[in-house]
Amino acid sequence: MDMTELILTEKHSVAADFAKALGVKTKKDGFFEGENYVITWAVGHLVELYAPDDYDPGLKKWRMETLPLIPDTFKYKPMGKTLKQFKTIKNLVKQSRFSRIIIATDAGREGEVIARTILLQSGVVDKERMVRFWTSQALVPKVVRATMEQLQPLTHYDRLWRAGYYRQVADWLVGMNLTRALTVRLGDLFSVGRVQTAVLALLAQRKQERETFVPELFWLIKIRFKSDKGEWTGHWFKNKQTRITQKETARTLHQHLKQETDPGTVLSLTKEKKKEPPPLLFSLTDLQQEANARMGFPAKKTLAVAQSLYQDKKCLSYPRTDSRVLGTTSLNLVRDILAKCQTAYPDIFAGVDPQQVALSNKRVFNDARLTDHHALIPFKPIPAGATPDEKKIFDLVCRRFAAAFHPHCHFENTHLITEFGKETFQTRGKVILEPGWRRVYHIKSRNKDEAEPIPPLCKGDTGTPEKILCEEKKTTPPPDYSDALLLKDMTNPGRYVAEENIKKLYRGEIGIGTQSTRAQIIETLIRRNYIERTGKRLVATDKGIYLIEQLKKCATSSVLTSPEETARWEMKLNAIALGEAPDGQFLKEIKTFVTQAVGELQTKVFDIKKFSQALSRANAKEVGKCPACGNSVRELPKLYACDGTGCDFVIWKRMAGKQISPKMASNLLKFRKSGPFKGFISKKKKRFSAGLVINKVDGKWKVNFDFNTSKAPDTCPPESPLHVAMDMGIMDMNETPFKTPPALSHEPSSSGTPDKKGCCPMCKGKIIEGKTAFGCSNWRPEHGNCRFVIWKEILGKRLTEKNIETLLQGKKTRAYVFKPLKGEKFKAALKMVATHGNAFAIQILPADIKNNTLHTQIPCLR
DNA sequence: GCAAGGTC
C-alpha cells in the first residue's frame, strides 16, 4: 500500500520549509515530491466568494431595487490570478494514492478558511483522510518534524472555520450592499466596509478636531539658578500644575519674583534609580511605525521592502506577523542567527553572547503570546546587492533583535525642588547610568529638559536667579495622522472606545483590520479619494468627511463609523470559534443589519449641496503642491486652485489666450518655472512666447510671465517641460558621465565665465547625457534642482558630443548650416555665454551679417 | 464600479 502523504501549506516558503525538514528534494511544477511526501502550497486565498453578478448577470448594474443582496447560499470560485496553482492542488487532493492529506496552512482563522475553501472548491469531502498540522513556532526542521507527530483531527478546527466563514460573509454583505446603496443614492463611488469605514472615521474625527481646535494661551515661569556647583532651570509649579491660565496672574507672579532679593533654596532633591527592559521584537505594524517615524516610509513601502527581504534575499523572517515574541523551540535558531550576525555586524551584536541566551527570557520566548507567526527577526546577514531601503529596514530589524538580548537600560531620575520667593520650582533630570540595549537601539528622548544634567546639589544649597522668564505658550491640537500614528490606532483603538469590556478586547490582540491588510486599507482610502497623503501626513478629504458625517446621522449605518462595532463583531466571531455562541445567530444579525441599513440609505435625505461641493473638490485631480501653503493644487473647471483653507493661490487655465494644460501647471508647480511656451497672445493681438514663473510679489504667490528665458520667439526647445523632466529622469537612471573631469574646486563661476573643463557652469555638477539633452546631474530637487541643460538639437541641428564639450569650455563651435522649421536656412556658429544671474545661454552667431535678425540665444535652462 | 482577507 502506498503510504505517501500530501501536505498543503498556505504559501510557497512554508512548503519549502517542509521540504527541507522532510528531506524532499524534487521540485515539480507547483509542488515538491519525495518518497513519502508530496508538498504543495496555496498562494493565500485561492478561492473567493462570488461577486454579485456571478449569481445573476443582471446584478452587474447597480440598482436600488436589487438591494439588499442576500444570497441563500454563498458560493465560491477560484481566483483568476492563481487559477493554475488551484488546479494543481485540486488535481493532487483528488488522487487516492495519498493515505493522508495534511492541512498545514497558517495556524489561525484565515489559514483555516484558505484550506477549507480550497478543499470545498476541489470537491473533496471525505474528511477521514485529513489531519491538521498546527503550530505557530518558527518552522525549523525540528519543529516541523515534532509537529508532524502531533497532527490533529481536522474536525477540531471546524468551529474556527465557521468563524472565518462568517467573517467573510459578513464583510461581503456589508460591503456589497452598503457600497451599492450609497453609490446609487449619491451618484459617485462611495465604498463602505467594516474596516475602511472605521479607519476613515478616525481620520475624519482627527481632521475635525484640528479644524475646530481653539488654541488657548497659558504661561510658564522659568528661573535659571546659578550656584558654585553649577546651573539649573527651575519650572514653577503649584499643586502639580505648571501652567498658569490667566495672563494677569502670571504677570503679577513674574513681577513679584523679579523683586525677590533672597536666593533660591534647594528644598529637596530626590534620586530614583530605574531600569527599562528592551523593547519587544517587531511585529509588522511595529516595524511599519518605526520605519515611518524614522525614515518616513509609508506602511505599504515598508511591507514591500520587508517582503523582498523575506522572499528574495531570504534574510528576514515572514513579515506579515502580529506577534512580538518567538516560540520556545526557536532557542537554537536564535543562537545560530546571533552567531552569524555577530561576525557580520560586530558593532550591533558585540554585546550579545549567543550561549547566554536562555528560554528564561520571557520577553522573547513566550509560547502563550504566539499568534499565526512569530515576530519579525533577521535570519542571516543581508546579501550583497540589497537596495539602500532594504538595508535601512534590515538594520532596524537587526537592532531590535540585538536589543532584545541586551541587558536592561539603567538610568537615574532626579527631581529637584527649589524654593524661591515663597514659590516652588521643579527640575527633572534623567541620566543614563548603563545604556544596556539602548547602546544598539537608539530611541529619542521625548523630554528635552531631561537631557541637561543637574549639578550635584544638596538640600539647603542656594542659587541666585540669573534669569526669570515668563513664557507665553499655546495649547496645540492633536497631530495629523501619519502612517505610524494611524497604524498605532488601528492596532490599538482602545482609547476611542468607551465601553470597558471592548476596551479590554482592543488592548489584547484585536484591532481594526489585520496585520496583512492594514497598509492596503490606507492605500484603499487614498484611492477612493477619502484621504490624502502629503509627505508624512494622512488627512481626510472633504469627501471622506462628508461620508462619515452622513453615516453618523444614520440610526443603523452609523455603527460602521465606530470602532466599537468592529470589536463587537470580533467578539462574536471569537465566541463562535470557541463554541460559546449558537451557530447561525451572528449571520442572522448581520443580515438584519444590512437589510435595515439599506432601507435607511434608500430613504435618507442626504445633504446634497454639501455633497456636491465636497465631491467636486475630492474628485478634482491634484496637479501639484501649493507654493504658498503646501496643500494640494487641483484642477477645477476654470482654474487650478489650492484647496488649503484660507489660501487663495490659483493658476488660471487660460493665460493671454493660451490654454495652460495640467502638465504645464504640474511642472510649473514642481519647478517654479517652466517653458518657454509659444502661442500667447498679447492685448495688442501680438503673438509672443514666454516662460512662466511662480514668484512672490508683494507677499503674494503668483504666476507671472518670464521673458528672460525667451528672447527668441521661434527658438524655444521643442520639448514640453514634462518631457524634459522625464528625460532628466532617464538621465539619472542610466547616469553616463560625459567625458569631463569631476567638479573642480575653484569658486563658482557666477562671474560669468563658463567652466573651462566642461562640468556644469552653474553648480559644478557632472554633465550627464539624456535622451534629448545634456544636463546637470544635480537636477533633482534634493540635489539642488540645478536646471542647466544644453539641448541636443538646436534649430534643427543635432549637436555632437564634441560640440557640447566645446560649448562647455566656453569656446565657439565652427559654423554650421541651420534649417529652422520656419524661415530660411542660415549658417551660424554656437557659443555658450553667461546671461543674467548665474544663467547661461547658447548664442547663435550667424556667419552672414545679413542674417543679423537671427542673432539670438537659447537659454540653457530646463 | 463594490468588502476584507490572504500572498505576491
Side-chain angles (χ1 to χ4, degrees), chain A residues 9-15 41-55 59-63 66-69 74 76 78-79 81-82 84-86 105-118 163-200 284 300 303-312 318-322 372-373 490 511-525 527-529 560 566 569-570 573 590 594 598 601 619:
Chain A
T9 71
E10 182 153 328
K11 45 187 167 270
H12 177 266
S13 69
V14 174
W41 58 87
V43 190
H45 282 281
L46 297 185
V47 169
E48 65 187 341
L49 286 172
Y50 265 26
D53 57 281
D54 290 324
Y55 291 102
L59 293 174
K60 250 204 175 86
K61 194 164 166 51
W62 296 19
R63 292 167 58 223
T66 55
L67 302 182
L69 300 165
F74 285 88
Y76 287 97
M79 290 167 71
K81 265 198 279 179
T82 44
K84 187 176 172 228
Q85 189 62 12
F86 171 74
T105 44
D106 291 354
R109 195 168 70 194
E110 286 308 315
E112 205 56 44
V113 177
I114 286 170
R116 303 298 185 110
T117 51
I118 289 172
Y165 168 75
Y166 288 131
R167 196 282 305 150
Q168 261 189 325
V169 162
D171 282 338
W172 190 97
L173 286 171
V174 170
M176 298 299 167
N177 282 291
L178 304 197
T179 298
R180 285 184 173 213
L182 273 162
T183 302
V184 170
R185 274 306 305 280
L186 295 171
D188 190 65
L189 181 59
F190 273 90
S191 66
V192 209
R194 168 179 57 93
V195 176
Q196 60 170 265
T197 308
V199 175
L200 178 58
L284 174 62
K300 187 182 157 190
L303 175 57
V305 172
Q307 173 75 18
S308 139
L309 289 170
Y310 154 72
Q311 199 183 314
D312 304 333
Y318 181 70
R320 289 181 208 83
T321 174
D322 54 12
D372 293 24
H373 302 89
M490 287 169 83
I512 306 177
T514 66
Q515 295 282 341
S516 315
T517 53
R518 277 180 199 142
Q520 276 183 54
I521 292 284
I522 298 177
E523 302 303 316
T524 300
L525 291 174
R527 248 198 339 274
R528 298 266 178 277
N529 288 328
L560 288 172
T566 50
W569 288 8
E570 282 296 340
L573 292 171
I590 294 289
V594 166
V598 166
L601 296 175
N619 285 355

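Throughout, protein chains are lettered first and strands after them, A, B, ... in sequence-line order, and every chain is numbered starting at 1.
Residue A:Gly513 is in sugar-phosphate contact alone, with no base atom involved, counting any heavy-atom pair closer than 4.0 Å across all strands shown. Using a 4.0 Å heavy-atom criterion, one finds that A:Asn177 contacts no nucleic acid atom at all. Counting any heavy atom pair closer than 4.0 Å across all strands shown, A:Val195 reaches sugar-phosphate atoms only and no base atom. At a threshold of 4.0 angstrom between heavy atoms, the contacts of A:Thr517 include nucleobase atoms, whether or not backbone atoms are also involved. When heavy atoms are screened at a 4.0 angstrom cut-off, A:Val113 is found touching no nucleic acid atom at all. Heavy atoms of A:Gln311 sit under 4.0 angstrom from primed sugar atoms or phosphate atoms, though from no base atom. Residue contacts shown for A:Arg194 are limited to sugar-phosphate atoms, with no base heavy atom under 4.0 Å away. Within the nucleic acid shown, A:Asp53 comes within 4.0 Å of at least one base atom, counting heavy atoms only. Counting any heavy atom pair closer than 4.0 Å across all strands shown, A:Thr183 reaches a base atom.
Distances shown here put a side-chain N or O of A:Thr514 below 4.0 Å from the OP1 or OP2 atom of B:dG6. Side-chain nitrogen and oxygen atoms of A:Gln168 include none within less than 4.0 Å of the OP1 or OP2 phosphate oxygen of B:dA3. For B:dC2, neither phosphate oxygen OP1 nor OP2 lies less than 4.0 angstrom from any side-chain nitrogen or oxygen of A:Arg63. The shortest distance between the side-chain N/O atoms of A:Thr82 and the OP1/OP2 oxygens of B:dC8 is not below 4.0 Å.
Rounded to a whole Å, the CD atom of A:Glu10 is 8 Å from the P atom of B:dG6. Rounding to whole angstrom units, CZ of residue A:Arg320 and P of B:dA4 are separated by 18 Å. When rounded to the nearest whole Å, the span between CG of A:Leu182 and P of B:dG1 equals 19 Å. Regarding A:Leu59, its CG atom lies at a distance of 16 Å from the P atom of B:dC2, rounded to whole Å.
In summary, A:Lys81 and A:Glu48 do not engage in a salt bridge, as defined by a charged side-chain N under 4.0 Å from a carboxylate O.
Where A:Ala51 and A:Tyr310 meet DNA chain B, the nucleotide closest to each residue was compared, and A:Ala51 sits on the side nearer the 5' end.
Proximity of a side-chain donor or acceptor of A:Arg63 to a complementary backbone N or O of A:Arg180 within less than 3.5 Å is not detected. At distances below 3.5 Å, not a single donor-acceptor pair connects side-chain atoms of A:Asp53 with backbone N or O atoms of A:Leu59.
Under the ring-ring contact (aromatic ring centres under 6.0 Å, His included) criterion, A:Trp172 pairs with A:Phe74, not counting sequence neighbours. Every residue two or more places apart in sequence or in another chain was checked for a salt bridge (Lys or Arg N to Asp or Glu O under 4.0 Å) with A:Arg527, and none qualifies.
Taking the side chain of A:His45 as heavy atoms from C-beta on, and the options B:dG5, B:dA3, B:dG1, the nearest nucleotide is B:dG5. Comparing atom distances between the A:Pro52 side chain and each of B:dT7, B:dG6, B:dC2 picks out B:dC2 as nearest.
Side-chain to base pairing of A:Gln85 with B:dT7: no donor and acceptor N or O lie closer than 3.5 Å to each other.
Look at A:Trp62 and the base of B:dG1; the rings stack, centres closer than 5.5 Å and planes less than 30° apart.
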